[in-house]
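Below is one structure, written out as structure tokens, with a few remarks after it.
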Amino acid sequence: MKYHIWTAGCQMNVADSQRVGSELEKLGYRHTDNYRSADVIVLNTCVVRQSAEDKAAGFLWSLKPIKQARPDKVIALMGCMVGVRGGGKLAQVFPHVDVFMPPSEPGPLIDYLLARDSEQAALHYRHRLQDEELALVLPRHQQNRLVSAHVPVIYGCNHVCTYCVIPSRRGRERSRPVGEIAAEVRSLVAQGVREVTLLGQIVDRYGYDIPDGPRLPDLLRAIHDIDGLYRIRFLTSHPNYMSDELLDTVAELPKVCEHIEVPNQAGDDEVLRRMKREYTMADYTALIERIRARIPDVAIATDIIVGFPGETEAQFQRTLDTLAQLKLDVCHVAMYSPRPGTVSAKMMPDDVPPEEKKRRLDAVNQLQEQIVAEINARLLGRTVEILVEEKHRGRWKGRTRTNKLVFFEDESGTDWRGKLVNVEITWTGPWSMRGVLPGQQTPSLRLEPAVIAGIGAPGD
Ligand code: SAH
């Protein structure tokens with residue numbers, strides 16, 4: 001029995017799909033890359049923009065003949081297309097779907113399969129007993145192969161950015177307990193994971209929904225002590241919750257990477273006000289300065305929406321000016337897409353024409369490409385520490401602490417996967433870099449000797 005999971009959208013969906021895979025494996029299913037040969041097909045969907053929703057719907061329609069030919073196959077629809085309220089009208093539109101699963105909830109699919117098959121129910125029961133030791137069993141094809149894993153720490157979102165459909169699909173904020181997250185990270189490390197990225201729509205609001213609850217810095221400290229874990233990242237941040245304590249914790253804890261993802265969305269105060277982002281450009285610029293002052297060598301990523309309703313040429317120009325001035329490491333840019341039920345879709349006409357949105361998108365990408373090329377070029381000739389993730393087309397692929405991609409070649413036959421390696425950068429481009437292994441590996445410069453002793457020196 002085989003399963004296939006199709007995943008669209010954000011890292012949270014990647015983590016959710018992994019959880020579904022893990023639960024399916026407990027029932028005896030095995031992963032396949034080929035959805036046509038799968039007995040269970042899961043579509044984990046994204047609806048943040050119309051294009052994402054169209055893609056999911058297109059794939060879903062293409063499954064209809066497969067389901068008609070083989071009614072015993074199970075088709076499960078998951079994620080933001082379904083939303084916290086479950087299937088509803090979707091069941092009428094897509095009658096070939098057997099199960100609807102809200103974001104982050106494998107439960108309905110597992111219950112459906114258990115109800116069908118008593119042997120699976122027995123297997124599931126045995127696994128439940130073992131689960132106390134291992135909080136998350138990675139799907140087999142990822143065990144001792146997956147180096148970098150995503151771990152949701154807070155579900156949902158309480159903000160109401162006027163363009164954003166996510167809060168209505170993922171519900172109110174719910175933080176996971178520190179102990180549960182730490183147990184999950186420990187189990188991932190035992191299965192070969194070396195880096196975790198803690199996830200939340202606004203990850204720095206971790207714990208806000210719990211009276212006197214922990215905060216993100218507390219969580220970072222709690223998982224920092226886990227032996228065998230080399231690196232910790234977190235995303236996405238909102239400018240209004242990036243406390244000095246959080247930034248200082250990032251700077252202080254050796255395993256927490258100098259990598260911050262904090263969306264700006266627009267470079268103009270009036271647009272920001274209509275987006276209900278609740279900060280001004282002066283606030284955002286001051287935050288970037290504060291981050292840079294407190295975290296040396298930090299890399300900062302941002303998100304930008306172009307063509308928000310009413311965005312004038314002058315307002316868009318301020319976004320370009322901001323990017324040119326701040327010189328951030330990454331800019332994810334998207335054309336505004338009106339989403340059902342959002343404030344902007346209801347109240348603000350989508351009045352920037354599609355070709356103009358595209359022109360603005362291209363302008364941002366072009367500028368950002370130059371900026372990143374310049375930033376990366378500064379690394380030429382420098383030695384950087386990378387965590388190796390996999391071999392890709394004959395070259396090893398890793399990331400710097402600042403989340404930049406580095407490729408290197410090595411014919412020695414050494415398995416570098418999951419190891420920290422220092423490489424000297426020999427070529428840089430905007431999207432990746434190339435490096436070479438120095439003759440001798442030297443230990444990480446950033447990790448304290450005690451920490452290195454705890455996690456094993458690179459190359460061991
Ligand atoms: N809470 C997350 C949101 C994830 S959505 C965050 O703050 O990053 C990821 C990005 O998609 C957002 O940052 C935004 O730039 C973009 N986005 C959200 N809604 C959009 C819409 N209606 N049209 C275009 N882009 C959108």
Side-chain angles (χ1 to χ4, degrees), residues 8-16 45-55 79-81 103-104 150 152-174 197-206 208 216 233-242 259-268 271-272 274-279 284 287 300-311 316 319 322-323 328 330-352 354 356-358 360-361 364-365 368:
C10 62
Q11 289 93 339
M12 190 68 94
N13 270 6
V14 174
D16 290 348
T45 58
C46 168
V47 296
V48 73
R49 286 176 284 278
Q50 186 67 46
S51 52
E53 185 160 358
D54 292 346
K55 224 161 93 189
C80 284
M81 201 163 159
S104 313
H150 296 100
V153 301
I154 174 167
Y155 297 114
C157 183
N158 287 4
H159 270 228
V160 261
C161 300
T162 54
Y163 51 81
C164 194
V165 72
I166 293 175
S168 74
R169 300 304 171 99
R170 289 193 174 263
R172 306 286 295 171
E173 284 175 348
R174 287 103 62 206
T197 302
L198 309 182
L199 298 178
Q201 294 302 331
I202 300 184
V203 70
D204 19 22
R205 277 180 60 84
Y206 175 74
Y208 276 58
L216 186 57
R233 306 178 190 275
F234 58 89
L235 56 87
T236 300
S237 293
H238 184 288
N240 293 3
Y241 303 98
M242 302 225 66
H259 167 201
I260 300 287
E261 304 244 350
V262 60
N264 175 13
Q265 309 297 10
D268 176 81
V271 177
L272 286 174
R274 283 187 293 115
M275 287 178 161
K276 202 164 188 307
R277 287 292 289 176
E278 300 179 332
Y279 52 82
Y284 189 79
L287 170 67
I300 302 174
T302 195
D303 292 2
I304 291 287
I305 297 175
V306 294
F308 186 75
E311 185 188 61
F316 169 64
T319 294
T322 302
L323 291 172
L328 305 177
V330 174
C331 175
H332 309 284
V333 54
M335 295 184 278
Y336 171 72
S337 168
R339 304 312 294 137
T342 58
V343 175
S344 68
K346 282 191 272 192
M347 321 278 288
M348 306 174 198
D350 181 18
D351 55 2
V352 180
E356 178 56 20
K357 284 181 188 166
K358 178 73 169 62
R360 294 180 189 182
L361 179 98
V364 169
N365 278 332
Q368 189 60 27

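Numbering of ligands and ligand atoms starts at 1, following listing order. Just so you know, these numbers come straight off a predicted model, no measurement behind them.
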Practice problem: List the steps and the verdict of side-chain contact (heavy atoms from CB on, under 4.5 Å) for T302 and V330. | Solution: CA-CA 6 Å; T302 195; V330 174; over 6 Å; no
Practice problem: Give a yes-or-no answer on whether the side chains of Q265 and Y163 include a donor-acceptor pair shorter than 3.5 Å. | Solution: yes
Quiz item: Which protein heavy atom lies closest to atom 17 (N) of ligand 1, and at what distance to 0.1 Å?
Solution: R49 NH1, 3.6 Å
Exercise. Below 4.0 angstrom from a heavy atom of I166, which ligand 1 atoms are there? Numbered from 1 as shown, please.
Key: 3 (C), 4 (C), 5 (S)
Quiz item: Numbering the atoms of ligand 1 from 1, which are under 4.0 Å from a heavy atom of R339?
Solution: 22 (N)
Practice problem: Give the residue and atom name of whichever protein heavy atom lies nearest to atom 18 (C) of ligand 1, and the separation in Å to one decimal. | Solution: V48 CG2, 3.4 Å
Quiz item: With atoms numbered from 1 as shown, which atoms in ligand 1 lie under 4.0 angstrom from a non-hydrogen atom of T236?
Solution: 6 (C), 7 (O), 8 (O)
Quiz prompt | Any donor-acceptor pair under 3.5 Å from R274 side chain to P309 backbone | solution = yes
Quiz item: Any idea which atoms of ligand 1 are less than 4.0 Å away from a heavy-atom of D303?
Solution: 8 (O), 9 (C), 10 (C), 12 (C), 13 (O), 15 (O)
Quiz item: Hey, which atoms in ligand 1 end up nearer than 4.0 Å to a heavy atom of Q201?
Solution: 1 (N), 2 (C), 3 (C), 4 (C), 6 (C), 7 (O)
Quiz item: Among all protein non-hydrogen atoms, which one is nearest to atom 24 (C) of ligand 1, and what is the separation to 0.1 Å?
Solution: M335 O, 3.3 Å
Quiz item: Looking only at atom types and distance, does a side-chain atom of R339 sit under 3.5 Å from a main-chain N or O of I166, one as donor and one as acceptor?
Solution: no
Self-check item: Cationic N near anionic O, under 4.0 Å, R233 to E261
Solution: no
Quiz item: Against heavy atoms of Q265, which atoms of ligand 1 measure under 4.0 Å?
Solution: 12 (C), 13 (O), 14 (C), 15 (O)
Quiz item: Do D204 and S237 have a side chain donor and acceptor closer than 3.5 Å?
Solution: yes
Quiz item: Which atoms of ligand 1 are found less than 4.0 Å from any heavy atom of Y336?
Solution: 23 (N), 24 (C)
Exercise. With heavy atoms under 4.0 Å as the rule, classify the contact between I305 and ligand 1 as side chain, backbone, both or neither.
Key: side chain
Quiz item: Do Y284 and T322 meet the criterion of a side-chain donor-acceptor pair at a distance under 3.5 Å?
Solution: no
Quiz item: Is E356 paired with K358 through a side-chain N to carboxylate O contact shorter than 4.0 Å?
Solution: no
Practice problem: List the closest protein heavy-atom neighbour of atom 19 (N) of ligand 1: residue, atom name, distance to the nearest 0.1 Å. | Solution: Y163 CD1, 3.2 Å
Quiz item: What is the distance from atom CZ of R49 to atom CD1 of I305, rounded to the nearest 0.5 Å?
Solution: 7.5 Å
Quiz item: Short list, please: which atoms of ligand 1 are under 4.0 Å from a heavy atom of A334?
Solution: 25 (N)
Quiz item: Which residue owns the protein heavy atom closest to atom 22 (N) of ligand 1, what's the atom, and how far is it?
Solution: S337 O, 2.8 Å
